[in-house]
Amino acid sequence: MTRCIIALLFCCVVSSPVMGSAAGWQLVLEKPEGEWWQGQPVEVLLVSLAPPHSGMTLTIAETERFIVLQRPAVSVKRGELKGTGYPVQLTPLNSGRLALPEFSMKSHDDKRSVSADVQVKAPELTDEMSLDITRSRGRIYLGQSIRLGFEWVTTVPLQALKAVNILIPELASPVNRNIAPHNVNSQDENSIGLPVGGQRIMADWRHRPEGGVSIHFEIIIQPQQTGTFHFDPPMLLASIDPEVMEFSPQVFRGMPYPAHFDNNFFDQDDAAGVKRSQRVIALGKPYSLVVDALPPGQPEHFSGVVGRPDISLAIDSTEVGQGERMNVSVRIRHPDLEAFPIPDLKAQAAYRQAFDIGSKTSHSSYREGVRYEAQYLTPKLTEISELPPVVVNYFDPISGFYRDYLTEPVPIKVTPSRQFSLTDTNLTDGIVLKNPVKLDSSGIWEHAWGELVLSESDPVTDWSYLLYLLLCLPPLVAGIYLARHWWRCREEKRGRGSFAVFARHLWKHRDPYQSLGLYLNRRLGLPPSKLAKDELRLLLQKQQVDKVLVEKLCQWLSQYQAQFQSGHREINDPLLTALAGLVKSLDRALGHEKPGKGVTE
């Protein structure tokens, strides 16, 4: 009996601090007492005081009425209690009585949650602003991107705007990855900074002939999930100074970063009786996006690219020393240019074996629709004679199959590193280095120069032959040189022609689809991603090519696609010969090829 009483007292003593700690744990939501406005970011603080242990994480319930942005935790103290504060930014997307998302923290079996309701006021819907957003596509495959064009037209003087906030659901959605377009220039005199979803985006502004200002920017989004997604209408919210509106404002001249275009949506009104700001809102249209999954059967080396790319490699010099770094320029053409993943040379076995591969540079440059990436390689072997073809597996939405794209090899010459040839050399401390090369009795050092018999010829008595030779020899040498140069240039020009490049590529790689796309891109500028029967027929009809030849070529393309889709992918010589004959006839029908036509090989 005594032992039971002692054990019971011991349990009470040990568990009391734990129960007291759990009872002292408080979870408090601190929010501002001022007005909440639709589209206005508000900072709230979730405070966990006297938690049972550290390392707990905050869980925020999903909500469609707020944009939630969680910030790093901070240490807080409330009276005698210490704890952790979790700052959260909430942006209401609707007005009225709204329930905040539920905030939860869990410690073993003890879970604490807190929430609250807030009254959100709606700004006035204005006719002086309009918002329009265009999307390049409404249905895509996973891996493709969408170009979003934003246009804000306003007759409100920009000087009267105290604060602005632009909310575009596609950009704030975790489903999408946002990519900046390549043609943004922050140094342009017509550039302007806009706050979009908590970040600054560069836009262009223009005066409209009918009055007002048009502000435009583009951004690219790339969905990371498949499915059908419905996005709420985009919103543009502004706080207008009524005093500026009463006077005739000056013409807006523009500035790169206007101070009043900040990311603090509404300024606090002065309590001294100054006129309240007028809060207005402009709405766009809702948007639905369908992201289709790629069909099964992806190969292991699938790159994630949708649509046929056009990739080439170029180097500064074709001769490089062993162990010296060489700069390789990767040139890319593709409809989704900014979102195109750079080919990983480290994943190519031919490059890993022959080169030390440096890190890719993070900077990309764009010129005339071509993206340029820099890659550094260091040749390890002197036997290297070329940059091997880079293999990029892509999904072709036209045929519905996964295909391999091979770049053209680039010839290079790797010179061995210089070696020292040491003769017998005396070093300090009596060390002697000896050259193992031995003299050869039949070599150059044993030539009997004195035994050479030099025959003397009689002086020329007739100077006429010598004069004739001196007069005729220079023109003859010059003619031979010019003829050889002309013949070499003619052969080089023929070798650079579109048909010559097509023929070499066709018989080397035995890929008729890629070879035909290369020829049409060089000769007529047809993007490889649009190589289809209808596109080909329309293009050749514009070039006034004979209809019989056009139909034969379209018929060949249809037969090849049908054979490829049926699973019979064996490429035989008659198939290649037929295509070569058709392309040769087409090249003659197109006539003389202008220099510089198409892209480089």
Side-chain angles (χ1 to χ4, degrees), residues 295 297 299 301 307-312 350 386 388-409 491 493-593 597-599 601:
H301 62 295
R308 184 180 184 274
D310 185 8
I311 308 173
S312 62
E386 65 179 14
V390 177
V391 181
V392 178
N393 184 266
Y394 67 96
F395 173 71
D396 182 14
I398 298 178
S399 63
F401 287 93
Y402 296 92
R403 308 181 65 96
D404 281 337
Y405 178 87
L406 278 74
T407 65
E408 289 293 326
E491 292 299 319
K493 183 178 180 181
R494 292 181 58 185
R496 292 193 304 266
S498 299
F499 181 76
V501 174
F502 160 79
R504 289 198 301 271
H505 191 279
L506 178 67
W507 293 106
K508 182 177 181 179
H509 299 290
R510 303 182 70 83
D511 188 343
Y513 186 80
Q514 183 174 346
S515 302
L516 180 60
L518 177 66
Y519 172 79
L520 294 174
N521 181 244
R522 288 175 55 91
R523 196 71 163 89
L524 300 176
L526 177 67
S529 59
K530 293 186 178 181
L531 179 55
K533 181 177 64 176
D534 296 336
E535 293 282 349
L536 180 60
R537 180 182 288 108
L538 181 61
L539 178 64
L540 296 183
Q541 288 177 354
K542 291 182 179 180
Q543 299 294 328
Q544 299 181 354
V545 180
D546 183 56
K547 294 182 179 180
V548 177
L549 178 59
V550 174
E551 292 303 324
K552 286 183 179 180
L553 189 58
C554 293
Q555 183 179 5
W556 182 94
L557 185 60
S558 299
Q559 292 177 354
Y560 171 74
Q561 292 285 8
Q563 175 183 342
F564 195 89
Q565 294 177 2
S566 63
H568 300 287
R569 305 181 182 180
E570 180 180 357
I571 306 300
N572 49 34
D573 289 342
L575 182 67
L576 302 181
T577 304
L579 178 61
L582 291 174
V583 175
K584 186 175 182 179
S585 301
L586 175 62
D587 195 71
R588 292 176 178 175
L590 293 176
H592 179 69
E593 182 177 4
K597 180 72 175 176
V599 297
E601 184 177 352

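Nothing here was measured: the structure is a model prediction, and the numbers come from that model.
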*Asks:* Are any side-chain N or O atoms of Arg403 and backbone N or O atoms of Arg308, one a donor and one an acceptor, separated by less than 3.5 Å?
*Replies:*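 It does not hold such a pair.
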
*Asks:* List, one per line, each side-chain donor-acceptor pair under 3.5 Å for residues 574-585, sequence neighbours excluded.
*Replies:*
from   : atom 1 : to     : atom 2 : distance (Å)
Thr577 : OG1    : Asp573 : O      : 2.8
Ser585 : OG     : Gly581 : O      : 3.1

*Asks:* From Asn521 CG over to Leu526 CG, what is the distance, rounded to the nearest 0.5 angstrom?
*Replies:*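 Output value for this atom pair is 7.0 Å.
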
*Asks:* Calculate, to the nearest 0.5 Å, the distance between atoms CG and CD belonging to Leu520 and Glu535 respectively.
*Replies:*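 Interatomic distance, Leu520 CG to Glu535 CD, rounded to 0.5 Å: 11.5 Å.
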
*Asks:* In the structure I gave you, are the side-chain heavy atoms of Tyr402 and Pro295 within less than 4.5 Å of one another anywhere?
*Replies:*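 Yes; the side chains approach each other to less than 4.5 Å.
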
*Asks:* Counting N and O atoms only, with roles assigned by atom type, does the side chain of Tyr519 sit under 3.5 Å from a partner on the main chain of Ala503, one being a donor and the other an acceptor?
*Replies:*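 Checking the backbone N and O of Ala503 against the side chain of Tyr519, no donor-acceptor pair under 3.5 Å is found.
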
*Asks:* Determine all donor-acceptor pairs shorter than 3.5 Å in which one atom belongs to a side chain in residues 541-552; sequence neighbours excluded.
*Replies:*
from   : atom 1 : to     : atom 2 : distance (Å)
Asp546 : OD2    : Val548 : N      : 3.3
Glu551 : OE1    : Arg537 : NH2    : 3.4
Glu551 : OE2    : Arg537 : NE     : 3.1

*Asks:* Residues two or more places apart in sequence or in another chain: which of them pass side-chain hydrogen bond (donor to acceptor under 3.5 Å, both in side chains) with Tyr394?
*Replies:*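 Tyr394: no side-chain hydrogen bond (donor to acceptor under 3.5 Å, both in side chains) contacts found.
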
*Asks:* Pair Val391, Leu406 - check side chain to side chain contact (heavy atoms under 4.5 Å, CB included), show working.
*Replies:* CA-CA 5 Å; Val391 181; Leu406 278 74; 4.2 Å; yes

*Asks:* Roughly how far, to the nearest 0.5 Å, is CG of Leu539 from CG of Leu531?
*Replies:*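 One gets 10.5 Å once the value is rounded to the nearest 0.5 Å.
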
*Asks:* Which residues satisfy the salt bridge (charged side-chain N to carboxylate O under 4.0 Å, His left out) test with Asp396, sequence neighbours excluded?
*Replies:*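 Testing Asp396 for salt bridge (charged side-chain N to carboxylate O under 4.0 Å, His left out), a comparison that skips the adjacent residues, returns none.
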
*Asks:* Looking at CG of Leu586 and CG of Leu524, how far apart are the two atoms once the value is rounded to the nearest 0.5 Å?
*Replies:*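 It comes to 7.0 Å.
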
*Asks:* Quick one: pull up CD in Gln561 and OH in Tyr513 and give me the separation to the nearest 0.5 Å.
*Replies:*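 It comes to 5.5 Å.
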
*Asks:* Do Asp511 and Tyr405 meet the criterion of a side-chain donor-acceptor pair at a distance under 3.5 Å?
*Replies:*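 No, no side-chain donor-acceptor pair sits under 3.5 Å.
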
*Asks:* Side chain to side chain contact (heavy atoms under 4.5 Å, CB included) between Arg522 and Val501: does it pass, once the steps are laid out?
*Replies:* CA-CA 9 Å; Arg522 288 175 55 91; Val501 174; 3.9 Å; yes

*Asks:* Would you check if Pro409 and Lys508 make a side-chain contact, meaning some heavy-atom pair closer than 4.5 Å?
*Replies:*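 Contact flag for Pro409/Lys508 side chains = yes.
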
*Asks:* Tell me whether Thr407 contacts the main-chain N or O of Val390 through its side chain, where contact means a donor paired with an acceptor under 3.5 Å.
*Replies:*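 Judged by distance alone, yes, a pair lies under 3.5 Å.
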
*Asks:* For a quick test of reading the model, state the closest non-hydrogen atom pair linking Leu506 to Pro512 and the distance between them.
*Replies:*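 For Leu506 versus Pro512, the nearest heavy atoms are CD1-CA, 3.8 Å.
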
*Asks:* If you measure from CG on Leu518 to CZ on Arg523, what distance do you get to the nearest 0.5 Å?
*Replies:*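 These two atoms lie 13.0 Å from each other.
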
*Asks:* Which residue pairs pass the ring-ring contact (aromatic ring centres under 6.0 Å, His included) test when at least one of the two sits in residues 543-563, sequence neighbours left out?
*Replies:*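 Qualifying pairs, neighbours excluded: Trp556-Tyr560.
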
